[in-house]
Amino acid sequence: MELKEIYEKSQEYIDIRNQDSEVYKQYFDIVLNWKIKYLSIILPVNIKICKILEVGCATGELLRNLP
């Protein structure tokens with residue numbers, strides 16, 4: 001079995017990509033109200049970011065919501 005098949009058959013991963021699901025709403029709330037908040041606190045104010053690599057990004061909300 002390929003990794004793609006595992007994700008396509010995982011109900012949790014299906015739900016996390018479905019913007020109408022409760023799982024997605026909870027996940028998105030964690031990303032916006034926790035991850036981004038604390039990531040912005042630990043990044044230096046004067047840092048110039050040219051590229052970002054996020055490992056384990058799931059559906060990519062963290063990257064899409066960085067200022």
Side-chain angles (χ1 to χ4, degrees):
M1 182 178 288
E2 292 185 24
L3 190 57
K4 179 182 175 183
E5 291 177 78
I6 294 170
Y7 278 107
E8 288 175 348
K9 292 179 181 180
S10 166
Q11 189 60 49
E12 184 178 17
Y13 196 73
I14 292 167
D15 290 341
I16 215 168
R17 292 181 294 163
N18 175 1
Q19 294 182 5
D20 295 324
S21 78
E22 202 56 40
V23 174
Y24 175 86
K25 292 172 188 172
Q26 290 171 353
Y27 173 76
F28 195 74
D29 184 55
I30 290 169
V31 169
L32 290 180
N33 296 317
W34 191 84
K35 287 185 178 183
I36 291 175
K37 175 183 174 181
Y38 290 104
L39 180 60
S40 65
I41 289 171
I42 64 170
L43 289 175
V45 176
N46 60 349
I47 191 169
K48 180 181 177 186
I49 299 173
C50 297
K51 295 180 181 181
I52 295 177
L53 170 64
E54 181 181 16
V55 177
C57 61
T59 57
E61 279 79 14
L62 180 58
L63 287 178
R64 281 196 290 275
N65 287 282
L66 284 174

Same cluster (ILVMFWY, side-chain, under 4.5 Å), Tyr38 and Tyr27
no
What residues form a side-chain contact (heavy atoms from CB on, under 4.5 Å) with Lys48, not counting sequence neighbours?
Cys50
Give the cluster check for Ile6 versus Ile14: same hydrophobic cluster or not, with ILVMFWY residues linked at side-chain heavy-atom distances below 4.5 Å.
no
Looking at every heavy atom in both Tyr7 and Arg17, which two are closest together, and how far apart are they?
O-NH2, 4.1 Å
Listed once per pair and sorted, the salt bridge (Lys or Arg N to Asp or Glu O under 4.0 Å) pairs that draw on residues 5-15, sequence neighbours left out:
Lys4-Glu8
Please work out whether the ring planes of Tyr24 and Phe28 are parallel, tilted or perpendicular, with thresholds of 30° and 60°.
parallel
When hydrophobic residues are tied together by side-chain contacts of less than 4.5 Å, even through go-betweens, does Val45 share a cluster with Ile42?
no
Closest non-hydrogen atom pair between Lys25 and Gln19, with its separation
CE-O, 4.0 Å
